[in-house]
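Note that these values count all heavy atoms, side chains included, but never hydrogens, waters or copies made by symmetry.
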Amino acid sequence: MVSYKSKSVERISLPSREERERNLQQAQYNVFNLPADAVFIDLLTDSGTGAMSDEQWAALLRGDEAYAGSQSFERLESAVSDVMGFEHVIPAHQGRGAENVLYGTLLGDTPDAVVPNNTHFDTTRAHVANQGAAPVDCPVPDAHDPDADEPFKGNTSLEELRAVVDDVGADQVPLVIQTITNNSAAGQPVSVDNTRRVREFAEEIDATFVIDACRFAENAYFVHQREDEFSDATIEEIAREQLGYADAIVMSGKKDGLVNTGGFVATNDPDLFDRCKQRAILYEGFPTYGGMAGRDLAAMAVGLREAVTETYVADRVEQVRTFGSLLADVGAPVYTPTGGHAVYLDAAEALPHLEATAFPGQALVCALYREGGVRGVELGSFAFPDTDRPELVRLAVPRRTYHREHFEHVAETVKTVLENSGAISGLEIATDPAIPELRHFTAGLEPVSP
Ligand code: F0G
C-alpha cells in the first residue's frame with residue numbers, strides 16, 4: 001500500500017536510438033560519463049537521488065546556518081539519539097567523509113592493519129586501503145550464489161572472520177566492520193543475531209566494532225519479516241537493537257537519511273568522539289556542521305525519523321521486490337531474494353559468451369542504455385578487479401521516485417536485450433585511472449572487436 005503521492009514532478013525523455021549510441025561512444029562506454037538528461041530511467045544509484053517529503057522541504061527552510069552550535073545540528077543529534085541510539089554525532093559531507101573521519105582515526109596507530117567486513121563497499125575498501133590497511137571480505141558462502149534462497153545472505157561469516165584473525169594475529173585487527181544491508185553482496189540483509197555474534201567476536205579480540213549503517217532501516221524491515229525473534233518488534237526497535245551492538249557507526253544520509261547529501265559518524269564512546277572530532281575539523285568542518293549546510297542537517301534529521309516508519313519502509317522494500325518480480329517474469333537472471341535497495345542481474349548468465357576479461361557486466365550495462373535509455377551500474381570484475389565476485393549489474397531504485405510504469409519499461413528493455421544477447425560484444429579498458437579500487441568511476445572502455 002503506497003503511503004505518499006507526488007507534489008512536484010521532473011520531466012524525463014528518451015533520446016533517439018542514434019543519440020543513445022552516440023552518447024555511449026562519447027561516454028567511452030562508461031555510463032558515469034553520461035549526462036543525466038540523456039538517461040530515461042536512472043538506476044545508477046539509490047544514493048542521494050530520492051524524493052524528499054514536504055516535511056523535509058519545510059525543514060530546509062528552517063535550517064539554522066550558524067557556524068557552531070546550530071539548532072539544525074541539535075535536531076540531528078536528537079534524531080540520531082532517538083532513532084539510532086547514539087549520543088555523539090559528527091556530521092560529514094557524505095558517507096565517505098564519515099569513513100575518512102572514523103577509519104582515519106581508528107587505523108592511524110596500527111601499521112599494516114587488516115580490516116574484515118562482511119563485504120567492503122568500494123569507497124570503504126578505498127578508505128581502508130588509503131590508511132595503509134588491508135580490507136578483507138568475510139561474506140557467508142551463499143552471498144555469491146544468485147540462486148540460494150536464504151534469508152540473510154548479507155551476514156558476516158564468523159568462520160572467515162576467525163580465519164583472518166588466526167592468520168594475522170588479533171593485534172593486527174584493530175577494527176571489524178559490518179555493512180547493513182550488504183550493498184556489495186546484492187543488498188542482502190544481515191540478521192541481528194549475526195551482528196550480535198560479530199560484536200562478541202570483536203570484543204574477544206579487543207577490536208572496535210563499526211557498523212556501516214547506510215541502509216539500516218531497510219535492513220530492519222527484513223529482520224522484522226525474516227528473523228523470528230523480531231517478528232513483533234517495530235522497525236525502530238530493531239534498528240536500535242542492531243545498531244546498539246556497534247561501538248560506532250558510519251552513515252551516508254543519502255540512503256536511509258532520505259536526503260540528497262550528508263552523512264555522519266555516531267558513537268556513545270566519549271574518547272572516540274573526541275579523537276574523531278579533531279580529524280573532522282581537518283577534513284569536514286567544525287563538528288556541528290561537518291561540511292553540511294544547516295538546512296541539510298535539518299532535512300536529514302527529519303529523513304531519519306521517516307525512514308523507520310513502518311509504512312515508508314514497507315513501501316520501499318516491497319517496491320524493489322515487485323521490480324525484481326517484473327524482471328524475473330521476463331526471464332532475467334535476477335539475484336534472489338531481492339535485496340533492499342536494488343535488483344541485481346547476473347551478467348555471466350545473461351551473456352555467457354563473454355569471459356570475465358571482456359567485462360560482461362559492463363557490456364550488459366551499456367546494452368541496457370542502448371536499448372532503453374536505462375542506466376544501471378556494473379559491480380563485477382570491472383568495479384572490483386582482482387576479487388572473486390559474481391558478474392553483477394545493479395539496478396538501484398531511488399527512494400519515492402519511480403512508479404510501476406517506469407519499472408515495466410525497464411523490464412521490457414531487459415527482455416529485448418536478452419533476446420538479442422548474442423550480438424553484444426565485450427569491452428576492454430582504454431584508459432585506466434591510478435586508484436584501482438575506484439577505476440569503474442572514470443576508466444574509459446572500447447568494444448573488443450569480434
Ligand atoms: N557505505 C556503503 C555501504 C555505501 O553503499 C556507500 C555509498 C557508502 C558507504 C559511501 O557513502 O556515497 O555518501 O559517500 N554507496 C553509493 C552507492 C554511492 O551507489 O551504492 P557516500
Side-chain angles (χ1 to χ4, degrees), residues 1-5 7 46-64 70-92 94-95 98 180-181 192 211-224 230 233-244 246 248-268 288-290 292-319 340-341 398-401:
M1 179 107 64
V2 182
S3 60
Y4 55 88
K5 61 181 179 176
K7 190 176 291 203
D46 64 319
S47 179
T49 50
M52 290 205 296
S53 68
D54 50 359
E55 298 289 346
Q56 288 180 286
W57 284 102
L60 279 183
L61 277 179
R62 290 195 298 267
D64 175 357
S70 76
Q71 286 172 42
S72 300
F73 175 67
E74 285 174 16
R75 291 207 177 98
L76 178 66
E77 268 187 321
S78 110
V80 172
S81 166
D82 291 349
V83 174
M84 307 173 104
F86 293 97
E87 296 307 316
H88 303 300
V89 184
I90 301 176
Q94 60 181 83
I180 64 170
T181 56
V192 174
I211 292 183
D212 179 331
C214 291
R215 299 178 179 86
F216 75 101
E218 291 161 12
N219 199 84
Y221 180 76
F222 284 117
V223 167
H224 173 65
F230 296 96
T234 64
I235 301 302
E236 203 167 332
E237 285 163 353
I238 295 168
R240 285 176 62 101
E241 160 107 19
Q242 190 162 30
L243 298 176
I249 59 168
V250 271
M251 177 73 190
S252 167
K254 302 171 78 168
K255 284 79 168 178
D256 282 351
L258 307 186
V259 283
N260 303 120
T261 195
F264 55 86
V265 174
T267 180
N268 284 326
T288 63
Y289 75 88
M292 291 178 72
R295 64 183 78 102
D296 290 325
L297 295 170
M300 187 159 66
V302 176
L304 284 173
R305 293 184 191 278
E306 288 179 1
V308 290
T309 54
E310 315 275 336
T311 45
Y312 158 74
V313 74
D315 288 348
R316 159 73 178 155
V317 176
E318 293 305 329
Q319 185 184 50
H341 66 296
R399 294 170 180 78
R400 304 188 285 209
T401 302

Show your working on side-chain contact (heavy atoms from CB on, under 4.5 Å) between Glu77 and Phe264 and close with a plain yes or no. CA-CA 10 Å; Glu77 268 187 321; Phe264 55 86; over 6 Å; no

With distance as the sole test, does [X] use its side chain to make a donor-acceptor pair with the main-chain N or O of [Y] at under 3.5 Å?
X	Y	value
Glu237	Thr234	yes
Asn219	Ile180	no
Gln56	Val302	no
His224	Ala233	yes
Arg240	Ser81	yes
Asn260	Gly48	yes

To check you understand the geometry: which heavy-atom pair defines the closest contact between [X] and [Y], and what is its length?
X	Y	answer
Ala220	Ala239	CB-N, 4.1 Å
Gly85	Asn268	O-ND2, 3.1 Å
Val80	Ala266	CG1-CB, 4.0 Å
Ala298	Ser72	CB-OG, 3.8 Å
Pro398	Thr49	CB-OG1, 3.5 Å
Ala246	Ile211	CB-CG1, 3.6 Å

Salt bridge (Lys or Arg N to Asp or Glu O under 4.0 Å) contacts touching residues 293-314 (sequence neighbours left out):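 Of all non-adjacent pairs touching residues 293-314, those that pass salt bridge (Lys or Arg N to Asp or Glu O under 4.0 Å) are Glu65-Arg295, Asp82-Arg305, Glu306-Arg400.
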
Run the ring pair (Phe, Tyr, Trp, His ring centres under 6.0 Å) test against Tyr289 and tell me which residues pass, sequence neighbours left out.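 So Tyr289 forms a ring pair (Phe, Tyr, Trp, His ring centres under 6.0 Å) with Tyr67.
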
Looking at residues at least two apart in the chain, or sitting in another chain, which of them share a ring pair (Phe, Tyr, Trp, His ring centres under 6.0 Å) with His88?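 Listed in chain order: Phe273.
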
Do [X] and [Y] come close enough that some side-chain heavy atom pair is under 4.5 Å?
X	Y	value
Val89	Met251	no
Val192	Ile238	yes
Phe73	Leu297	yes
His341	Arg316	yes
Thr311	Tyr4	no
Asp46	Arg215	yes

Set out, in order, the CA-CA distance, both residues' side-chain angles and the distance that settles side-chain contact (heavy atoms from CB on, under 4.5 Å) for Leu76 and Met292, then state yes or no. CA-CA 12 Å; Leu76 178 66; Met292 291 178 72; 5.8 Å; no

Quick one: which of Val265, Thr267, Asp212, Leu243 gives a side-chain contact (heavy atoms from CB on, under 4.5 Å) with Ile249?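 Running side-chain contact (heavy atoms from CB on, under 4.5 Å) over Val265, Thr267, Asp212, Leu243 with Ile249 returns exactly one hit, Leu243.
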
For the residue pair Ser47 and Lys255, confirm or rule out a side-chain donor-acceptor distance under 3.5 Å.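 Per modelled atom types, Ser47 and Lys255 side chains form a pair under 3.5 Å.
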
Is a side-chain donor-acceptor pair under 3.5 Å present for Asp315 with Ser3?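 Per modelled atom types, Ser3 and Asp315 side chains form a pair under 3.5 Å.
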
Salt bridge or not for Arg399 and Asp256, using N-O below 4.0 Å?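 Yes.
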
List the steps and the verdict of side-chain contact (heavy atoms from CB on, under 4.5 Å) for Leu304 and Phe216. CA-CA 10 Å; Leu304 284 173; Phe216 75 101; 4.1 Å; yes

Worked verdict on Asp64 versus Arg75 for salt bridge (charged side-chain N to carboxylate O under 4.0 Å, His left out): CA-CA 10 Å; Asp64 175 357; Arg75 291 207 177 98; over 6 Å; no

Steps toward side-chain contact (heavy atoms from CB on, under 4.5 Å) verdict (Lys7, Trp57): CA-CA 12 Å; Lys7 190 176 291 203; Trp57 284 102; over 6 Å; no

At what distance, to the nearest 0.5 angstrom, does CD of Gln319 lie from OG1 of Thr401?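 Rounded to the nearest 0.5 Å, the CD-OG1 separation comes to 8.5 Å.
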
